[in-house]
Amino acid sequence: MTNLMSAAPARSLPEAVYAHDVPAERPWSRMLRHGQTLRIIDSEGQQAVDALLYCAADTAERYSAQDTARVQGSPYVGLGTELVSNEGRVMARITADSCGLHDTSAGCCSCESNAVRFGEATRFQHACRENFILELSKHGMTKRDIVSNLNFFMNVPIDPAGNFTVVDGISAPGNYVDITADMDVIFVISNCPQVNNPCNGFNPTPIRVEIFDPPVA
């Protein structure tokens, strides 16, 4: 059985064909072609990165947190995890991971959940749901297309009774995770703006994304 909590050393990859620094609190998206690898780098450490995947050929097929957890037999995401769609197909897989701790249970923050959890004064703070709405609009999608997401570098321990909470992240500056596409996917990120819980150390910071073509055989 794959150890989802283990980490892997850096892989030898060709030169990146794309690189971009995503500012703190901002969204990002790009097409990831079959066989390409997306590397997400936690530039300054302890920064949660929310993510969604959509099949580029038919966006009605998209990442399923429930199916991914069921197939892996684990609520965590890590080295070797297959990211499964709502059609039961593997969309991508985690092929390297220097952090070893990622979540797919806690969902994304929103203005509404901020108000419920942290008080009405936080209702109008920017949130991941709003980032997703902004970025999905570039691909002809709306808020109805937001589903349960991945949370890279986010520490969400789950107790035997099924209770969980977001606690301090363990990701160090430069930690990264590699996601290799098994189909053409639209990969959408919200570089989480949350300041009311410790997922970002109460201080959102930039991340870096790099895309690599598959190695030449």
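Quick note: residue numbers are just sequence positions, from 1.
For the pair N191 (side chain) and P23 (backbone), a donor-acceptor distance under 3.5 Å is present. The backbone N or O of R89 sits nowhere less than 3.5 Å from a side-chain atom of D67 that would complete a donor-acceptor pair. The main-chain N or O of Q194 is found under 3.5 Å from a side-chain atom of N200 such that the two form a donor-acceptor pair. Side-chain atoms of T68 come within 3.5 Å of backbone atoms of S64 as a donor-acceptor pair (strictly under, hydrogens ignored). The backbone N or O of M154 lies less than 3.5 Å from no partner atom in the side chain of D103, so there is not a single donor-acceptor pair.
The ring pair (Phe, Tyr, Trp, His ring centres under 6.0 Å) test applied to F132 returns no partner, not counting sequence neighbours. A search for salt bridge (Lys or Arg N to Asp or Glu O under 4.0 Å) contacts involving D21 returns R208, not counting sequence neighbours.
Looking only at side-chain heavy atoms (C-beta outward), V177 and H102 come within less than 4.5 Å of each other. Counting only heavy atoms from C-beta outward, the side chains of L136 and V188 approach each other to under 4.5 Å. Side-chain contact check for I207 versus I40: some heavy-atom pair is nearer than 4.5 Å. Taking 4.5 Å as the limit, some side-chain heavy atom of V17 sits within range of a side-chain heavy atom of Q36. Proximity of R62 to D145: side-chain heavy atoms (C-beta onward) are separated by under 4.5 Å at one or more points.
With no hydrogens or angles considered, a side-chain donor-acceptor pair links T37 and T180 at under 3.5 Å. Checked by atom type, the side-chain pair S29/H139 shows a donor-acceptor distance below 3.5 Å. For the residue pair S190/D50, the side-chain donor-acceptor check at 3.5 Å is not satisfied. Remark: the S85 side chain and the E61 side chain contain an N/O donor-acceptor pair separated by less than 3.5 Å. For the residue pair D42 and Q47, no side-chain donor N or O sits within less than 3.5 Å of a side-chain acceptor on the partner. Judged by distance alone, the side chains of Y63 and T104 do bring a donor and an acceptor atom under 3.5 Å apart.
Atoms CD and CD1, on Q72 and I94 in that order, are 9.5 Å from each other to the nearest 0.5 Å. Of the inter-residue distances, the one linking I186 atom CD1 with Y54 atom OH reads 9.0 Å to the nearest 0.5 angstrom. Here CZ of F153 is found 7.5 Å from CG of D97. Values are rounded to the nearest 0.5 Å. Interatomic distance, C128 SG to I133 CD1, rounded to the nearest 0.5 Å: 11.5 Å.
Below 30°, between 30° and 60°, or above 60°: for F152 and F187 the angle between ring planes is below 30°, a parallel geometry.
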Under the side chain to side chain contact (heavy atoms under 4.5 Å, CB included) criterion, do L52 and I189 qualify, and how do the steps go? CA-CA 7 Å; L52 291 168; I189 280 174; over 6 Å; no
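Applying the salt bridge (charged side-chain N to carboxylate O under 4.0 Å, His left out) test to residues at least two apart or on different chains, the pairs with a partner in residues 182-206 are R33-D184, R93-D182.
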